[in-house]
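Residue numbering restarts at 1 for every chain, and letters A, B, ... go by the order of the sequence lines.
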2 protein chains.
Amino acid sequence: MFSNSSKYAIKAVLYLSLHSNSTRKIMAKDIAQPINVPPAYIAKLLQELVRTDLVSSVRGPKGGFFMSKENNNQKVIDVLNVIDGEKKFTGCLLSLEACNEEKPCPLHNILSTSRQHMIKVLNEHSIADLALAVKNGKAYLPL
Amino acid sequence: MFSNSSKYAIKAVLYLSLHSNSTRKIMAKDIAQPINVPPAYIAKLLQELVRTDLVSSVRGPKGGFFMSKENNNQKVIDVLNVIDGEKKFTGCLLSLEACNEEKPCPLHNILSTSRQHMIKVLNEHSIADLALAVKNGKAYLPL
DNA sequence: GAAATAATATGATAAAAATCATATTTAGGA
DNA sequence: TCCTAAATATGATTTTTATCATATTATTTC
Ligand code: FES
Ligand code: FES
């Protein structure tokens, strides 16, 4: 459903949301292990997330990655859009040029409702929301 | 959302459902063009669909691919499962070993409902159902 | 049964995604 | 200021997916 990269990015962002803040930064290699993602790979993904303002960072000694208030308030779909691209969600399931109710593909008719619902929900929930669920024991972060 | 291969397979199967039957077979190369898929590629996909009983075929002169009654009654999800594998739908969105309500990942909590709905709908609709929608002008098959 | 036709099996190549590796830049502390 | 630690930029390698190509096998027709 989601690419590996997206899964990794979500896990990383959630981990940071739970364990970091502007005074408690975490190095890439220390994120990699607890979420079970290759260190060099998560490093690269984090760089992209920093570039797109989904994660914050400072370099040098005592540096690392962390989630600012603004970062925490970003929506889950923003992470997915940055990593996988928006078309993954808005594009036609069968690659019709335009996806709309006027000229739907056969899959549109049966799937667009649940698809719209997914998008809505991803748009409504922030990283912080998901992190809170984990904190409250209502969800678990996979290795 | 779906792989290229899955999209191609769905399009091919729908095209066959609309234009073929046991007495009107269609050659791979004649399917490729109308659905806009590389001929050699669709040929390979069709072979896999034949192997898994989603499409029928006969070789030699006057041969080709076609959809039998049974083929037409297969569910849409069967095509997707054959091409992309079942885990794509049943697997955890964040790669938790087990995906269930007992120990859900953070995405599970917000997405499982719409995901279940998608699976349900793909399980309920047959190839013939989708083809009928196209025949009735309620859906369009993309190039 | 020979010739022609079309699927099948198999494998090669190309493109994209995932993974690994490293030199460069920035920030902190001595 | 100089050394060190950490992110950043960049690019190489590997794996997977998509695409292309072809020799083999089965079926029809003559
Ligand atoms: S037209 Fe295909 S998903 Fe909307
Ligand atoms: S536990 Fe992750 S989707 Fe169900």
[X], [Y]: one ILVMFWY side-chain cluster at the under-4.5 Å cut-off?
X        : Y       : value
B:Leu96  : A:Phe2  : no
B:Leu18  : A:Leu94 : yes
B:Leu132 : B:Met67 : no

Donor-acceptor contact present, side-chain [X] to main-chain [Y], <3.5 Å:
X       : Y       : answer
A:Asn81 : A:Asp78 : no
A:Asn71 : A:Asp53 : yes
A:Lys11 : A:Ile35 : yes

Checklist entry - Can you name the residues that form a ring-ring contact (aromatic ring centres under 6.0 Å, His included) with A:His19, not counting sequence neighbours? => result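 Only A:Tyr15 meet the ring-ring contact (aromatic ring centres under 6.0 Å, His included) criterion with A:His19.
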
Please report the distance, rounded to the nearest Å, between [atom1] in [X] and [atom2] in [N].
X       : N      : atom1 : atom2 : result
B:Arg51 : C:dA9  : CZ    : C1'   : 8 Å
A:Lys88 : C:dA17 : NZ    : P     : 9 Å
B:Lys44 : C:dT13 : NZ    : C1'   : 11 Å
A:Glu48 : D:dT10 : CD    : C1'   : 14 Å
A:Ile83 : C:dT19 : CD1   : P     : 13 Å
B:Leu45 : C:dA9  : CG    : P     : 14 Å
B:Lys11 : D:dA18 : NZ    : C1'   : 14 Å
B:Asp84 : C:dA17 : CG    : P     : 14 Å

Checklist outcome for this item: With sugar-phosphate taken as primed atoms, P, OP1 and OP2 and all else as base, the protein-contact string of nucleotides 23-30 of chain C at under 4.0 Å (heavy atoms; B, S, -) is --BBBS--

Item to check | A:Lys44/A:Glu48 under salt bridge (Lys or Arg N to Asp or Glu O under 4.0 Å): CA gap, chis, key distance, verdict | outcome: CA-CA 7 Å; A:Lys44 201 168 203 174; A:Glu48 190 167 0; over 6 Å; no

Any donor-acceptor pair under 3.5 Å linking the side-chain atoms of [Y] with those of [X]?
X        : Y       : value
B:Asn72  : B:Ser17 : yes
A:Tyr41  : A:Ser5  : yes
A:Ser95  : B:Lys7  : yes
A:Ser126 : A:Asn73 : no

Checklist entry - With ILVMFWY side chains joined below 4.5 Å, transitively, what does B:Phe66's cluster contain besides itself? => result B:Val58

Next on the checklist: The side chain of B:Phe65 is closest to which nucleotide in this list: D:dA9, D:dA7, C:dA7?
Outcome noted: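 Closest of the options to the side chain of B:Phe65: C:dA7.
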
Item to check | Phosphate OP1/OP2 of C:dA6 contacted by B:Ser57 side-chain N/O (<4.0 Å) | outcome: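 False: B:Ser57 side-chain N/O out of range (4.0 Å or more) of C:dA6 OP1/OP2.
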
Next on the checklist: What residues from residues 2-9 of chain A pass a heavy-atom cutoff of under 4.0 Å to DNA chain C?
Outcome noted: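 Only A:Ser3, A:Asn4, A:Ser5, A:Tyr8 qualify.
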
Checklist entry - Listed in order of residue number, which residues of residues 12-42 of chain B have a non-hydrogen atom at under 4.0 Å from DNA chain C? => result B:Ile26, B:Met27, B:Ala28

Checklist entry - Can you give the dot-bracket line for DNA chain C, where a pair is Watson-Crick or G-U wobble with both atom distances under 3.5 Å, crossing pairs use [ ], and | marks a partner on another strand? => result ||||||||||||||||||||||||||||||

Checklist entry - Between B:Ile10 and B:Leu80, is a side-chain contact (heavy atoms from CB on, under 4.5 Å) present by the stated rule, with each step listed? => result CA-CA 8 Å; B:Ile10 296 273; B:Leu80 299 174; 4.0 Å; yes

